[in-house]
Protein chains: 2
Amino acid sequence: MSTHDSSYFQVALSTSLVVYGFDGENLLTLIGQKPQEPYKGAPMLPTTMVKPDQSVEDAAAAVLTESLGLSDYYLEQLNAFSKLYRKPEGRVVNIAHYSLIKHELMERKPAAGYQWIRPKEMPDLVYDHNQIFDFAQERLKRRVKHRPIGFRLLPKEFSFNQIHLLYEQTLGKKLDKRNFHKKLMRSKLLIDEHKAEKMDGSNKPSHLYSFNEKRYNKLNLRGYDFKF
Amino acid sequence: MSTHDSSYFQVALSTSLVVYGFDGENLLTLIGQKPQEPYKGAPMLPTTMVKPDQSVEDAAAAVLTESLGLSDYYLEQLNAFSKLYRKPEGRVVNIAHYSLIKHELMERKPAAGYQWIRPKEMPDLVYDHNQIFDFAQERLKRRVKHRPIGFRLLPKEFSFNQIHLLYEQTLGKKLDKRNFHKKLMRSKLLIDEHKAEKMDGSNKPSHLYSFNEKRYNKLNLRGYDFKF
DNA sequence: GCAAAAGTGTTAGGGTTACACCCATGT
DNA sequence: ACATGGGTGTAACCCTAACACTTTTGC
């Protein structure tokens, strides 16, 4: 292989993000709008070009800053989407990522043109963005089953019902309440905070848990499976 | 996002491959040599630059053709490795893949400069190729556990001992012979060919199985786990 | 008959699943 | 007292893991 041929250096990089958040009841994902013609205003994943001297992760982080005003984020690469659909200017390779947003940061409104929607209501997107989104959905399912990634979406203190809702929505199926509860407790990854949530309706207040990260890190060393 | 700025189009693409094969007893992986100074002759993953009008998959396939003379291959993208370690000519993004080679194609010798080695004996490689290799090793482990990908490496007809060796080597641990046998049989994914292997030593001949791909495809529709 | 590899069963323990009712709270 | 969501146990089944000896073959 030789790189001593400047004709190779004709490609541009972009990155699209599939961003997930949990508002306390629902798993949500972020969509933006195409800023220019053609198809100006059409829904798309939050996306940016990557500057030649910029790391892809920095470019992805900039998208989060622009759309949500965040500097605190979890990012993971999905895949490079490199189909040769030509723009007149040349080839663009999209190194897509997905990102999980802490519940605490979900209150502020997204910037103009961005909105949170339910993943099930994802519309048709420009380019191959639906393919990227589907890829992210699969990745999220696997991650949530095998790693305690749900805790990056939940509030620091959460009720059993919140984690239950989140798992049902990411996995896209009903999970038996009692069995899920047993499994969670058996894992010993939850700390019982011995306090109840603030009331909001007329019903029994739930009590709160937090994630035992230290214990997880210990377990993690021997065998990387969480198994939900 | 705007691509209407030609300054973005300065990146080159390469692809490195982590190629696995099974010679009947051992899981092997392919290494090449750096063809130019600096570090000419240093071990590296089989790699090529991607031409601006070439798909990444085609470029990866070309590496397999050059190194092994193959046109029949399984390829899967690993990740894009896009660190900003600058060459004087500009930025190179490596969209790495891994590939599984059918046992039937393992007899011919690799081209000059390439050789099959045991994954455990992987030497220090140039650039970030060890990182790519480690990434591939993790991916292979997961795939072999959850999908019947071992069958892409095994001969069409294989003995229980061959599949046992292959799984032990990909997972990097001993698997109890009797339990593994039961699990395989329970899965009903093997067809008993009711014949014995040709003898090569002075011992009991094993009998041969093949992979029941039709049955797998049926199972695959509902739930994508093989679970080994 | 011996060396080399193939083949084969049982048991205990733990995980998974299916399933329905009572409890605590605010109004 | 009622409406709302919170919280809890048991039994059957299946899977896993641990474990060692006998069989078949060529020489």
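Per the geometry, OH belonging to B:Tyr209 stands 10 Å off C1' belonging to C:dA6, to the nearest Å. Across the protein-nucleic acid pair, A:Glu25 atom CD and D:dG5 atom C1' stand 12 Å apart, rounded to whole Å. Protein atom CZ of A:Phe180 is 17 Å distant from nucleotide atom C1' of C:dA18, rounded to whole Å. The interatomic distance linking A:Leu208 (CG) with D:dG7 (C1') rounds to 14 Å, in whole Å. What separates NE2 of A:His164 from P of D:dG7 is a distance of 13 Å, to the nearest Å. The interatomic distance linking A:Leu184 (CG) with D:dG7 (P) rounds to 13 Å, in whole Å. Between A:Lys183 atom NZ and C:dA18 atom C1' the separation is 14 Å, expressed in whole Å. Straight-line distance from the CZ atom of B:Phe160 to the P atom of C:dT8: 10 Å, rounded to whole Å.
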Run B:Thr47 and B:Thr15 through side-chain contact (heavy atoms from CB on, under 4.5 Å) and show every step you take.
CA-CA 6 Å; B:Thr47 298; B:Thr15 181; over 6 Å; no
Worked verdict on A:Ile101 versus A:Met106 for side-chain contact (heavy atoms from CB on, under 4.5 Å):
CA-CA 7 Å; A:Ile101 304 299; A:Met106 290 290 290; 3.9 Å; yes
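Of all non-hydrogen atoms in B:Tyr167 and B:Gly150, the two that sit nearest each other are OH-N, 4.3 Å.
A heavy atom closer than 4.0 Å to some atom of DNA chain C occurs in B:Lys177, B:Arg178, these being the qualifying members of residues 165-178 of chain B.
Comparing C:dG9, C:dT16, D:dT10 against the side chain of A:Lys182 picks out D:dT10 as the nearest.
Taking only distance into account, the side chain of A:Asn203 never meets the base of D:dA3 through a donor-acceptor pair shorter than 3.5 Å.
For B:Asn161, a side-chain nitrogen or oxygen approaches OP1 or OP2 of C:dA6 to under 4.0 Å. In this structure, B:Arg186 does not reach the D:dC14 phosphate: none of its side-chain N or O atoms is under 4.0 Å from OP1 or OP2. Put simply, B:Lys204 has no side-chain N or O that comes within less than 4.0 Å of OP1 or OP2 on D:dG26. Contact check, B:His207 against C:dG7: a side-chain N or O comes under 4.0 Å of OP1 or OP2.
Atom OH of A:Tyr74 sits in a crowded spot, with more than 12 heavy atoms from other residues, nucleotides or ligands closer than 6.0 Å.
Heavy-atom nearest nucleotides on DNA chain D were determined for A:Pro205 and for A:Asn179, and the one closer to the 5' end corresponds to A:Pro205.
Under the ring-ring contact (aromatic ring centres under 6.0 Å, His included) test applied with B:His164, the options B:Tyr209, B:Phe158, B:Phe180 reduce to a single match, B:Phe180.
A:Asp128 has no carboxylate O lying under 4.0 Å from a charged side-chain N of A:Lys83, or vice versa, which leaves the two without a salt bridge.
Looking only at atom types and distance, the side chain of A:Glu66 has a donor-acceptor partner in the side chain of A:Tyr114 under 3.5 Å away.
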